[in-house]
A.B. asks: 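Structure in structure tokens, see below.
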Protein chains: 2
Amino acid sequence: MMENQQIKQAGLKVTLPRVKILNVLETSELRHLSAEDVYKELLAAGEEIGLATIYRVLTQFEGAGLVCRHHFEGGQSVFELNRGGHHDHLVCVKCGKVVEFVSEIIEERQRAIAAEHDFQIEDHSLIIYGVCKQCRESA
Amino acid sequence: MMENQQIKQAGLKVTLPRVKILNVLETSELRHLSAEDVYKELLAAGEEIGLATIYRVLTQFEGAGLVCRHHFEGGQSVFELNRGGHHDHLVCVKCGKVVEFVSEIIEERQRAIAAEHDFQIEDHSLIIYGVCKQCRESA
DNA sequence: CGACCCGATGCGAAAGATTGTCATTCTCCT
DNA sequence: AGGAGAATGACAATCTTTCGCATCGGGTCG
């Protein structure tokens with residue numbers, strides 16, 4: 001079991017709910033899931049789990065660096081498996097599709113701006129909202 | 001009354017609550033206020049107003065382009081008077097201080113990235129979270 | 001292998017933010 | 001001034017997320 005190692009290395013006890021949640025994150029079609037999404041996938045798979053546990057576990061995973069939390073529009077947090085590289089997001093406001101991208105130029109400018117204002121960067125979030133090609137055509 | 005004109009030009013009926021709310025946005029010390037903040041400022045000024053109205057009016061103002069809504073971390077929306085120029089934010093995670101900035105280089109890169117992925121940009125949000133100088137020194 | 005300890009889970013209740021309902025009030029037009 | 005219809009206020013409802021607490025499970029030690 002791959003998951004067990006990852007959880008252990010993150011310094012967390014290996015429990016059934018944690019393994020199942022991590023597994024959903026790894027195997028789901030969606031790369032970006034809300035706590036509710038994870039909950040529904042597990043219920044659909046016939047797994048017994050409490051929603052509160054999902055929130056707790058996802059928060060722990062975030063603290064351990066296993067997942068990233070994003071605040072897209074819509075009032076709820078979405079989680080994404082941390083596969084190493086940092087990246088930003090392009091979100092379609094019609095269909096919700098998410099495209100990931102990286103721009104070293106932007107990253108570099110951000111560091112420069114933070115430095116100018118004497119801020120020590122902890123994190124940053126860049127989200128571009130737009131309408132994707134398919135949604136424009138079907139409109 | 002400056003406010004009346006702005007509200008009328010936004011295509012909204014000029015009502016007392018709207019004028020008062022716009023006035024708070026224009027005169028408050030803070031440039032970024034949550035609905036609750038606006039509510040508290042009005043109560044402190046002895047004004048009678050319902051919180052639900054604040055939410056409704058702010059949402060209308062947003063639709064009319066009078067204010068911008070931002071989703072900083074912390075689970076609630078903050079609103080800012082739209083003074084024309086778009087800008088992004090640098091937020092101190094310790095004290096909540098907000099610094100605004102603009103980078104034409106970043107804007108331009110964003111347009112290029114959206115174009116590459118065939119997205120028509122509607123909006124975007126760039127927030128850098130960090131620790132400001134004062135907070136680092138007092139730590 | 002079995003007992004134990006402490007953290008982890010599940011459930012329901014609670015908190016915080018936001019929106020909906022609906023009777024009453026206010027704006028704007030005549 | 002009068003009236004149609006939109007806007008408001010009070011409160012309930014919803015949604016997301018967190019808390020409290022009794023119970024359960026994982027890992028360790030004997």
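Throughout, a chain's letter reflects where its sequence line sits, starting with A, and its residues are numbered from 1. Just so we're clear, the structure is a prediction, and the values are computed from it rather than from any experiment.
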A.B. asks: Nucleotide by nucleotide, 5' to 3', does protein get under 4.0 Å of the base (B), only the sugar-phosphate (S), or neither (-) in nucleotides 25-30 of chain C, counting heavy atoms?
C.D. replies: --BS--
A.B. asks: Would you please classify the geometry between the A:F101 ring and the B:H117 ring as parallel, tilted or perpendicular, with 30° and 60° separating the classes?
C.D. replies: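 B:H117 vs A:F101 ring planes: tilted.
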A.B. asks: Heavy atoms, side chains only, cut-off 4.5 Å: are A:E41 and A:V38 in contact?
C.D. replies: no
A.B. asks: Look up atom CD in A:E108 and atom OG in A:S103, then write down how far apart they are to the nearest 0.5 Å.
C.D. replies: 10.0 Å
A.B. asks: By a strict heavy-atom criterion of less than 4.0 Å, which residues belonging to residues 37-47 of chain B are in contact with DNA chain D?
C.D. replies: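 Of all residues in residues 37-47 of chain B, none places a heavy atom under 4.0 Å from DNA chain D.
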A.B. asks: When the ring planes of A:H89 and A:H32 are compared, do they come out parallel, tilted or perpendicular, using 30° and 60° as the limits?
C.D. replies: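 A:H89 vs A:H32 ring planes: perpendicular.
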A.B. asks: Without decimals, in angstroms, what is the distance between A:E36 CD and D:dT16 C1'?
C.D. replies: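 Atom-to-atom, A:E36 to D:dT16, this comes out as 8 Å.
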A.B. asks: Mind calculating the distance between CG (B:L33) and P (C:dA17) to the nearest angstrom?
C.D. replies: 15 Å
A.B. asks: Any side-chain hydrogen bond (donor to acceptor under 3.5 Å, both in side chains) pairs touching residues 42-57 of chain A, not counting sequence neighbours?
C.D. replies: A:K20-A:E47, A:T53-A:R56
A.B. asks: For the residue pair A:K97 / A:Q134, report whether a side-chain donor-acceptor contact shorter than 3.5 Å exists.
C.D. replies: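 Yes - a donor-acceptor pair under 3.5 Å links their side chains.
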A.B. asks: Examine the side chains of B:H86 and B:E100 and answer whether a donor and an acceptor come within less than 3.5 Å of each other.
C.D. replies: no
A.B. asks: State whether a side-chain donor-acceptor pair under 3.5 Å links A:E80 with A:H70.
C.D. replies: yes
A.B. asks: Do the side chains of A:E73 and A:Y129 get nearer than 4.5 Å, heavy atoms only?
C.D. replies: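 A side-chain contact under 4.5 Å exists here.
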A.B. asks: Can you check whether A:F79 reaches A:L33 side chain to side chain, under 4.5 Å on heavy atoms?
C.D. replies: no
A.B. asks: Kindly calculate the angle separating the two end axes of the helix from C:dC1-D:dG30 to C:dT30-D:dA1, each obtained from five base pairs, and round it to 10 degrees.
C.D. replies: 30°
A.B. asks: Once rounded to the nearest 0.5 Å, what's the spacing between atom CD1 of A:I127 and atom CG of A:L90?
C.D. replies: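 Rounded to the nearest 0.5 Å, the CD1-CG separation comes to 10.5 Å.
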A.B. asks: Could you state the CG-C1' distance from A:L51 to D:dC15, rounded to the nearest angstrom?
C.D. replies: 11 Å
A.B. asks: Pull out every residue in residues 64-79 of chain A that has a heavy atom closer than 4.0 Å to any atom of DNA chain C, ordered by number, or say none.
C.D. replies: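 Per residue number, the list is empty: none.
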A.B. asks: Under a 4.5 Å cut-off applied to non-hydrogen side-chain atoms, are A:C68 and A:E62 in contact?
C.D. replies: no
A.B. asks: Within a strict 4.5 Å, meaning less than it, do heavy atoms of the B:L58 and B:L25 side chains meet?
C.D. replies: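 Touching, per the 4.5 Å side-chain cut-off.
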A.B. asks: Please list, by residue number, the residues of residues 52-63 of chain A whose heavy atoms come closer than 4.0 Å to an atom of DNA chain C; answer none if no residue qualifies.
C.D. replies: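 DNA chain C contact set from residues 52-63 of chain A: A:A52, A:T53, A:R56, A:V57.
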A.B. asks: Quick one: are B:V99 and A:F119 in side-chain contact, heavy atoms under 4.5 Å?
C.D. replies: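 Yes; the side chains approach each other to less than 4.5 Å.
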A.B. asks: Hey, does A:L22 have a side-chain heavy atom less than 4.5 Å from the side chain of A:F61?
C.D. replies: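 A side-chain contact under 4.5 Å exists here.
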